[in-house]
Amino acid sequence: MKTGQTDLPVLLPSRPPATPGEWGLSDASAVFGSRKVLAALVAFAVLSVAVAEAADANARPGILATVLKWTPLIATGFLFNLAVSVASMAVGTVAGVMLGLGQISIFRPVRGISWAATQFFRNSPWLVLLFFAMFLLPFEMKIGGVTVALPAWFKAIIGLALPVMANVAEIVRGGIRSIPVGQWESAESLAFTRFQTLWRIILPQAVKRMIPPWMNLYAILTMATTLISVVGIQDAMTLTRGALVAEARTDLYLPLYAMLLLLFFVYCYPIARLTQALERRFAVRI
Amino acid sequence: MSHELGAPIVVIDAIEKRFGALVVLRDISLTVRRGECVCVIGPSGSGKSTLLRAINALVPVSKGSIRVDGIEVNDPDLDKLALRRKVGIVFQQYNLFPHKTALENVMMAPLHVLKQPKDEVEARARRLLAKVRLSDKEGAYPGELSGGQQQRVAIARSLAMNPTLMLFDEVTAALDPETKKEVLVTIRELAAEGMTCMLVTHEMGFAAEVADHIYFTDGGTIVEHGPPAEFFKNARHERTRAFLDQVL
């Protein structure tokens, strides 16, 4: 058989990494796992600006300068997105753990209702659930004679927490189910109650297996928080759009959205890396 | 082995177990007295494990009566926890708690179920691990132990509840010949000390040596039973002889 030369396009093996640069490239790539990812990131940013610059060579103020001008404002909005993501995750996790445990309840009605709720919220579009929550929850609530206003951001947190809840419920149920029945049997035969068995034997083992998918869900939720811009909340997405309206320059669309994407990427990618690392560490050892 | 046999601890009377249309146990009756060691042998799928699991209510029976030290097991109002405090069971697959050390495995049930004081429980757990010759493995996690060592920890874990009766469900079936021996030695010592034991096993030599009484089951019924000397030398039933010819 002939080997070696060919004029067909072939996939070459990747080159060995270049020596690290002197301005801390190696530190940054440690966070991002590999230099390839970092290089792709930089290339993406530069390209976005370059494409925009090329599209309108005699632009008024420099595009980079304009992007930098808006960055602090958009970053503030991004912090708001993060706050919403943390709050939704917290609410969704607490509710989801209860729903997940409900699915393994020995009481049939509890099991049925938990199962139905999980399936319903897991198979609904996040955006529709968000709208649903916005209109379902009232503007204000009377709690013991005190009228409490329900701001839009609060409703948005609840709206996003609904699908999170359903997904956490599945993670909890799956984690518990992944523990061999022998563990239940031996705990039962040592006269542990069902609650003790869950709390002392099953959950400590299952939680380890739940953490990676839970983190993965958090990363997905963080990216999904931009949905709240649709229901009129001033998040990073809304602010970016506002900046574009204020500037009224088509050449800014690409770079500004690229900047927004980068913000999310820089936050979510390390979570994905950490998730993978944990998955490897918790890989089943029996 | 021979010792003074006491009052009946387990009295099984005409139990039946069905899984749908499949009858797994049919009209089984047997008695285990205090201090007695009973072995149940028979081909795979003859219902031996189900019988053992029925005794500590891991498997509910469909008909008949099982009395364990005065507690009726086939009763909808059964206090399962009270029953299981009296009955220890050791499984083929050890089923140790992998997130706990050997010592913690032994301590867990007395600590959390019997609510005994920690220092007392710990001292007894150490004695039990010494008894199964694993004093040097107190801090080891199950994943770091051999099959035989894990099985001995499992035995110590059951003994920690001070059971009246110990059930062994094919405890050596997953072990290689060398580690098998350490486990069998442990069980033999227990039987010699007068612990009431019920074993399901495929180790005929061991059954012959340790049992006071042997039951042979096939197709969900007890085909015949007797003291080992008699049972192994002059089996009366054709099925028993065919089985013994195959395994001996």
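Computed over heavy atoms, backbone and side chain alike; hydrogens, waters and symmetry mates excluded. Fair warning: this is a prediction, and the values are worked out from it, not measured in the lab. Throughout, a chain's letter reflects where its sequence line sits, starting with A, and its residues are numbered from 1.
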Problem set entry | Side-chain heavy-atom pair A:Pro204, B:Phe97 within 4.5 angstrom cut-off | no
Seminar exercise, completed: Between A:Gly182 and B:Asn95 the two heavy atoms that sit nearest each other are O-ND2, 3.3 Å
For this session: With a 4.5 angstrom heavy-atom cut-off, could you sort out which part of A:Glu188 is near chain B: side chain, backbone, both or neither?
Result: both
Problem set entry | Within-4.5 Å side-chain heavy-atom neighbours: A:Ser186 and B:Arg157 | yes
Exercise. Has A:Trp115 got more than 12 heavy atoms of other residues, nucleotides or ligands less than 6.0 Å from its CH2?
Worked result: no
Problem set entry | Separation between CZ of A:Arg194 and NZ of B:Lys80, rounded to the nearest 0.5 Å | 10.5 Å
For this session: Find the one option among B:Leu96, B:Leu83, B:Asn56, B:Val87 whose heavy-atom pairs under 4.5 Å with chain A are most numerous.
Result: B:Leu96
For this session: May I ask you to name which of B:His112, B:Met161, B:Met108 has the most heavy-atom pairs under 4.5 Å with chain A?
Result: B:His112
Problem set entry | Enclosure of A:Arg177 CZ (heavy-atom neighbours >12, cutoff 6.0 Å) | no
Problem set entry | Choice from B:Val113, B:Leu114, B:Leu167 maximising heavy atom contacts with chain A below 4.5 Å | B:Val113
Exercise. To the nearest 0.5 Å, what is the distance between CD1 (A:Ile202) and NE2 (B:His99)?
Worked result: 8.5 Å
Problem set entry | side-chain contact (heavy atoms from CB on, under 4.5 Å) assessment of B:Arg53 paired with A:Glu185 | CA-CA 10 Å; B:Arg53 278 151 196 257; A:Glu185 273 195 334; 2.5 Å; yes
